[in-house]
Amino acid sequence: MSLVKPSIPKGTRDFSTIEMAKRNYIFNTIKDVYALYGFQQIETPAMENLSTLMGKYGEEGDKLLFKILNSGNFMNGVAEDDLADGGTNRLAAKLCEKGLRYDLTVPFARYVTMHRDEIPFPFKRYQIQPVWRADRPQKGRYREFFQCDADVVGSDSLLNEVELIQIIDEVFHRFGIRVAIKMNNRKILSGMAEIIGAPELLVDITVAIDKLDKIGLENVNAELREKGLGEEALARLQPILLLEGSNEAKLQTLKEVLATSETGLKGIGELSYILSKVNGLRARLDVDLTLARGLNYYTGAIFEVKALDTEMGSITGGGRYDNLTGVFGMPGVSGVGISFGADRIFDVLNTLDLYPADALLSTQVLFVTFGQAELDYALPLANALRLAGIRTEVYPEAGAKMKKQMSYANQKNIPWVAVIGGDEMAAGEVSLKNMITGEQTKVKAGELASKIQ
RNA sequence: GCGAUCAUAGCUUAGUUGGCUAAAGCGCCUGACUGUGGAUCAGGAGAUCGCGGGUUCGAGUCCCGUUGGUCGCCCCA
């Protein structure tokens, strides 16, 4: 077998020890807050049947699904003309019956439908797992990345939206990241499309105005014209795009503009209600009408979170979707959910250097010894420390050079080293060295634990 | 799917209009220091210059192809 250059697939990453400590800090913080609000964790398989995934993410989404070649004789049932006519979709359907999950929401909808008889509704679940997309990797976009979803299904109450906003606020408060939460409502966008007489262009309109931040008003208008929006309609859209002022003022203006749209007014009512119930937020909560989000299954509230102190796209998103389980034969179940973008939060925490020191600490004490007898003497001491809850290592090579052992402690950022030689052994002591200050004192073996804590 | 750009030691990079044995910093190993890391000093190992082809007396350098990274567009957490 020839030697291969080690490599990993395009758009995937290894996470090394420090990165994992940081990622675990992120995941644990999010989990703690989810649990605090009564959300329970589930996991679903990395792979789903393609029939579950196909057609749920639009035509683009289908192209971005990783498909898994059938095991065994995968050519079984493939006919000559399947190969001949370049119909890759049809061929793929015969060769692959499974695919890697593209997000956590669709597998969740599948899960809810399959387990509906065991689930207490409203069902509050969270799920932190990787998802895969055969996308072209670029800044902040990978082919394998983690989503941290929390959803409530089976409840139309807007208090769920309120709770999710509080969760977002609490999580970013714990991270120490200052954020602005932006909120909009899909019904308001529908109302807008209705009022300007172009309801059929709703999707195009949302896609275009979502870019307002990025490409500016002129370019948004140009794109809308290109999509077939008339000048009159465009003119009527402008005041809405340019809406400014307090949340209350924006909603007041909207009420007037959307007065004749039943859907639009309903969206305004929902927004107002949520705003009235959210209290004591530390984050800013802004109504932002240009927040549209690409996801077409959203039907009510839409959320997005941006960090205030660093340039980074959205670091959390979410919204309400009606009837998500409908495609699996379980109609009338509404859900609302959010998803923290762990990879981007990771970048933000790195940029702002906001990791708490103890989140990154691994081993607290290393036993360093001069030979086999000392090593044997160290073992029960190490176990005693572990019983006291102190993360402890014993350097395992008897007679390894002092320099080697000390360097190991240094490299792993271990704050305490317990040195054991013949003298210490005879006296029932250890020499305890503080690796930060360099100070070293002799300590009775029985007092080690108290010195370290 | 389209476009730009980059690829030299474990890492970060230098390498002139194509020209001697491809250079440095960091890291690693050894020693100064046989009971002490992080500092300093001395020495050492480590590169088929991403891969394949072409031009040339001669290619890290120029040309073509290919793979991978990065960034942008489309799309999208």
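Numbered from 1 within each chain, the chains take letters A, B, ... in sequence-line order.
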With sugar-phosphate meaning primed atoms plus P, OP1 and OP2, does [X] contact a base, only sugar-phosphate, or nothing at under 4.0 Å between heavy atoms?
| X | value |
| --- | --- |
| A:Lys211 | sugar-phosphate |
| A:Asp103 | nothing |
| A:Phe145 | sugar-phosphate |

Taking the [atom1] atom in each of [N] and [M], what is the distance between them to the nearest angstrom?
| N | M | atom1 | result |
| --- | --- | --- | --- |
| B:A9 | B:G54 | P | 25 Å |
| B:G46 | B:C11 | C1' | 13 Å |
| B:U70 | B:A24 | P | 30 Å |
| B:A7 | B:C62 | P | 10 Å |
| B:C20 | B:G72 | C1' | 44 Å |
| B:G27 | B:A42 | P | 15 Å |
| B:U48 | B:G60 | P | 13 Å |
| B:A14 | B:A22 | C1' | 10 Å |

Taking N or O atoms only and anything under 3.5 Å, show me the protein contacts with nucleotides 38-46 of chain B, one pair per line.
from  : atom 1 : to       : atom 2 : distance (Å)
B:G38 : O4'    : A:Asn410 : ND2    : 3.0

Aromatic centroids of A:Tyr34 and A:Tyr126 separated by under 6.0 Å: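 A:Tyr126 vs A:Tyr34: aromatic centres under 6.0 Å.
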Distance in angstrom units between [X] [atom1] and [N] [atom2], rounded:
| X | N | atom1 | atom2 | value |
| --- | --- | --- | --- | --- |
| A:Phe370 | B:U34 | CZ | C1' | 11 Å |
| A:Asp135 | B:C75 | CG | P | 12 Å |
| A:Asp204 | B:C74 | CG | P | 14 Å |
| A:Asp423 | B:U36 | CG | P | 13 Å |
| A:Tyr395 | B:G37 | OH | P | 14 Å |
| A:Gln411 | B:C26 | CD | C1' | 14 Å |
| A:Arg344 | B:C76 | CZ | P | 14 Å |
| A:Gln405 | B:C33 | CD | C1' | 16 Å |

Listing request: all salt bridge (charged side-chain N to carboxylate O under 4.0 Å, His left out) pairs with a residue in [range], at least two apart in sequence or in separate chains.
| range | result |
| --- | --- |
| residues 144-156 of chain A | A:Arg125-A:Asp151 |
| residues 215-224 of chain A | A:Lys211-A:Glu223 |
| residues 41-52 of chain A | A:Glu48-A:Arg110 |

Residue pairs passing the ring pair (Phe, Tyr, Trp, His ring centres under 6.0 Å) test where at least one lies in residues 404-439 of chain A, sequence neighbours excluded: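 Sorted result for residues 404-439 of chain A: A:Tyr395-A:Tyr408.
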Residues which pass side chain to side chain donor-acceptor pair (under 3.5 Å) with A:Ser407, listed by chain and number, not counting sequence neighbours: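 Here no residue qualifies.
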Nearest-nucleotide comparison on RNA chain B, the residue closer to the 5′ end among A:Ile420 and A:Gln147: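 Looking at RNA chain B, the more 5' nearest nucleotide goes with A:Ile420.
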Report, one line per pair, each donor and acceptor closer than 3.5 Å where one atom sits in a side chain of residues 436-451 of chain A; sequence neighbours left out.
from     : atom 1 : to       : atom 2 : distance (Å)
A:Thr437 : OG1    : A:Glu439 : N      : 3.2
A:Lys444 : NZ     : A:Ala427 : O      : 3.3
A:Ser450 : OG     : A:Glu447 : O      : 2.8

Stems formed with participation of RNA chain B [Watson-Crick or G-U wobble, under 3.5 Å, three or more pairs]: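 Ordered by first number, the stems with RNA chain B (at least 3 consecutive pairs each) read B:1-7 with B:67-73, B:10-13 with B:23-26, B:28-32 with B:40-44, B:50-54 with B:62-66.
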Would you mind writing out the side-chain donor-acceptor pairs for residues 367-381 of chain A within the sub-3.5 Å range, not counting sequence neighbours?
from     : atom 1 : to       : atom 2 : distance (Å)
A:Gln372 : NE2    : A:Asp376 : OD1    : 3.2
A:Glu374 : OE1    : A:Gly371 : N      : 3.2
A:Tyr377 : OH     : A:Glu429 : N      : 3.3
A:Tyr377 : OH     : A:Glu429 : O      : 3.3

Contact letters for nucleotides 68-73 of chain B, in which S counts primed atoms plus P, OP1 and OP2 and B counts the base, heavy atoms under 4.0 Å: -S-SBB
Distance-only donor-acceptor test, A:Gln440 side-chain atoms vs B:U36 base atoms, 3.5 Å: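 Between B:U36 and A:Gln440, which were checked side chain against base, a qualifying N/O pair under 3.5 Å is present.
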Heavy-atom donor-acceptor pair, A:Glu424 side-chain to B:G35 base, under 3.5 Å: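 Flag set: donor-acceptor pair detected.
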Let me have the donor-acceptor pairs involving side chains of residues 19-27 of chain A, under 3.5 Å, with sequence neighbours excluded, atom names and distances please.
from    : atom 1 : to       : atom 2 : distance (Å)
A:Glu19 : OE1    : A:Ser16  : N      : 2.7
A:Lys22 : NZ     : A:Asn350 : OD1    : 2.9
A:Arg23 : NH1    : A:Asp343 : OD1    : 3.3
A:Asn24 : ND2    : A:Met20  : O      : 3.3

Under 3.5 Å: donor-acceptor pair, side chain of A:Asn184, backbone of A:Leu289: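 Yes; at least one donor-acceptor contact below 3.5 Å.
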Side-chain atoms of residues 97-104 of chain A: list all donor-acceptor pairs with protein atoms under 3.5 Å, sequence neighbours left out, distances to 0.1 Å.
from     : atom 1 : to       : atom 2 : distance (Å)
A:Arg101 : NE     : A:Pro130 : O      : 2.7
A:Arg101 : NH1    : A:Thr44  : O      : 2.9
A:Arg101 : NH1    : A:Pro45  : O      : 2.7
A:Arg101 : NH2    : A:Pro130 : O      : 2.8
A:Asp103 : OD1    : A:Tyr57  : OH     : 2.7
A:Asp103 : OD1    : A:Thr105 : N      : 3.3
A:Asp103 : OD1    : A:Val106 : N      : 3.2

Electrostatic pair A:Lys412:A:Glu393 at N-O distance under 4.0 angstrom: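 Salt bridge present between A:Lys412 and A:Glu393.
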Whether A:Phe146 and A:Phe15 hold their rings parallel, tilted or perpendicular, with breakpoints at 30° and 60°: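 The arrangement is perpendicular - the two ring planes meet at more than 60°.
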